[in-house]
Amino acid sequence: MKLFNRRSPLWACAALALSTPAFANDGYHLWLGEPRGEAASATVELAGDSPTLQIAADELRRNLPTLDRPVMLARASDPALAGLPIDTRALGTEGYRVQSATIGGKAVTLVTGATDTAILYGAFALLRHLNSGGDPAKIELASAPETKLRILNHWDNLDGVVERGYSGQSLWDWWVLPDFKDPRYADYARANASLGINGTVLNNVNAKSDSLTAPYIAKAAALADVFRPYGIKVYLSARFSAPIELGGLKTADPRDPAVAAWWKAKADEIYRAIPDFGGFLVKANSEGQPGPRDYGASHGDGANMLAAAVKPHGGIVMWRAFVYADTDPDDRAKQAYTEFKPLDGTFADNVLVQVKNGAIDFQPREPFHPLFGAMPKTPLIAEFQITKEYLGFATHLAYLGPMFEEVLDAQTGVRRGETVASVVTGKADRHTLSGMAGVANIGRDRDWSGGTFNQANWYVFGRLAWDPTLSSEEIAREWAAQTYGNDPVIIDTVVKMMMRSREAVVDYTGPLGLAHLFASGHHYGPGPWVSDLGRPEWNPVYYHRADKNGIGFDRTRTGSNAVAQYAPSIAKRYADPKTTPPEELLWFHHLPWDYKMPGGNTLWEELVRRYDRGVAEVAAMRAQWATLKPKIDAERWTKTDVFLGVQQREALWWRDASLAYWMSLNGLKLPAGSAAPQHSLEHYKQVRFAYPPGNPQ
Ligand code: GCW
């Protein structure tokens, strides 16, 4: 027996003795909180039985506060519900309803839905309601997901390294799978189910074909067995050249019948081990990955060939549109659209094209990808990056909710009222397939995501994938309440910090629509001066185009004309610097340093003002966090405090290095009141890191 566990009185005494305000908390339990323990828990009754219903019941027994009536979990088809005034028609297969009801003469809180997974989602919704300050006397919850596929993409390599992962090694311990199933796998599934996430791609899109061999299929099957009762399907990233590497074929040309037959046999083999296997995710002809273009075939040929292999089993293919080529001299921001738009209407009905939120690459801010709205005949799955490759890794505090929301709420201009969200939910074009994918920030760190605030990004992704019209601020509130407790002072402070945090990162790394100014490879620190990398579009100078006269990328008619990829009303707005939002200005326009901004500042003055604002914002977040010290457990408080210290130092580094570089080009002085960079430009150019995490070596 352990000397004490977190629930024992001894532990409580230890916590009190250290005068911590709450129980110690290492973040393992995420937003779901420490189990309350049986004594305090509600009575839960089950009509029916299945592993999923058992999980739902256990969850409520462990975590629900005592209610004045029992909770009953029952399928909508249960005869006991017949005749009750409960409308479950609009709920589909995954929607839930939680409400008071009288069943067999007994007053209960009923959790119902068409399937057991729906009931599990309802159980988590009830917990969320009560643990984020909802009224126990007023329980009336009903929701159905707006998207069909709510999927995490793990960029996990088979050797345990997570590409762009900042929270430790991969969770998947491939070496000891399938024999040993780490209990964390169920906790992972539980956390995802609490948000309605219903799929996970286990391996990196920069895929190895080994994951398609029999031993690895067996390992993936073991994970699928753990995830199944939580309503989560397993998917794999497929390496397009696998028929050559594993099958001994001479080609992977999708038009070759032997290649198609190989994939069909492979799919059959996978489905024998994982009957509910979700399907494949493919990165093809992008950043050195093999693909159909190697053979003169199109992305459509490649996707459809794979789609045919999984189709008999009900599987799907998610084909990524993240393509750009060194052989194409056109603006990188245009290449995905140029390649994919003409393919609209050619994809099989079990293919989704997976489109990153912006046209370049997960920058702190990008205008929405022009493919949204441009491929009405193809279901598009939006890909967001939860892990913060370009936003300070796990160390910098950046709540991504406002960024996801900004993209989802963007008007495509194709039809009145059409937003990226309505494209992604399939509503705009009446697709039955729809989805959102998030590049996971999960690793083997005890707190899963390398810090409590990073957990909020996993949380907000899941919540928005369920319903892309939810408010990121509301989500921040419910997350904060569940994570830190229902104290209004904590919630208000934490939400305030979160809501400004991403804009702060934009301000100190790349304000006014600047993008991709990162040091080479690892994408952590500043490197706006970098100009010596092999391909033009790998260099920051390609993106900012600054010289002594001006700065910014001209994407109007006088430049790359990327604006023309948007619907006319949007293109018109972006074509003129006066109607382009300042936040996106230099993304679309090359402007002189003395260009007059709204408000009267010159472009240079405004740029400096925003760098300064970003730095000040981090200092403010740190001060706000300091006020919570007496209210938050020491372990989680300290880690965030230390990280905010790092962020404060590094925000200044970003600002100083960037300004030193811009000044070396434009020869301008800093506006009055703005401090000179601490070091010379040469100093910043010399900064090197050894072994930054997440960087493919
Ligand atoms: O953001 C870039 C990353 C690569 C990644 C690529 C992609 C998996 O720097 O590490 O590769 O995007 O999305 O394919």
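Counting begins at 1 with the first residue of the sequence. What you see is a predicted model; the values in this text were computed from it and never measured.
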request  = Might you work through the side-chain contact (heavy atoms from CB on, under 4.5 Å) test for L212 and I270, ending with a clear yes or no?
outcome  = CA-CA 8 Å; L212 300 171; I270 296 174; 4.2 Å; yes
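Side chains of I151 and L281 form no contact here, defined as non-hydrogen atoms less than 4.5 Å apart.
Applying the ring-ring contact (aromatic ring centres under 6.0 Å, His included) test to W155 and every residue at least two apart in sequence or in another chain returns nothing. With sequence neighbours excluded, no residue satisfies ring-ring contact (aromatic ring centres under 6.0 Å, His included) with H369. Every residue was checked against the salt bridge (Lys or Arg N to Asp or Glu O under 4.0 Å) condition with D554, not counting sequence neighbours, and none meets it. D330 meets the side-chain hydrogen bond (donor to acceptor under 3.5 Å, both in side chains) test with K334; sequence neighbours excluded. Scored by the ring-ring contact (aromatic ring centres under 6.0 Å, His included) test, F362 finds no partners at all (sequence neighbours excluded). With sequence neighbours excluded, no residue satisfies ring-ring contact (aromatic ring centres under 6.0 Å, His included) with Y235. Among residues two or more places apart in sequence or in another chain, the side chain to side chain contact (heavy atoms under 4.5 Å, CB included) test is passed with Q455 by L30, W31, D447, S449, T452, W479. Residues passing the side-chain hydrogen bond (donor to acceptor under 3.5 Å, both in side chains) test with D344 are T378, sequence neighbours excluded.
Residue pairs meeting the salt bridge (charged side-chain N to carboxylate O under 4.0 Å, His left out) criterion with at least one partner in residues 514-532, sequence neighbours excluded, are absent. The list of ring-ring contact (aromatic ring centres under 6.0 Å, His included) pairs with a residue in residues 267-293, not counting sequence neighbours, reads W263-F280, Y271-F277, Y271-H313, F277-F280. Within the structure, the salt bridge (charged side-chain N to carboxylate O under 4.0 Å, His left out) test picks out the following pairs touching residues 403-414 (sequence neighbours left out): R365-E406, E406-R502. Here salt bridge (charged side-chain N to carboxylate O under 4.0 Å, His left out) pairs that include residues 151-165, with residues two or more places apart or in two chains, are R164-E389.
The residues D253 and R255 are annotated as salt-bridged, a charged nitrogen and a carboxylate oxygen being separated by less than 4.0 angstrom. Note on K311 versus D349: salt bridge recorded, some NZ/NE/NH1/NH2 to OD/OE distance being below 4.0 Å. Electrostatic pairing of R463 and D467 does not count as a salt bridge here, judged by no charged N lying under 4.0 Å from a carboxylate O.
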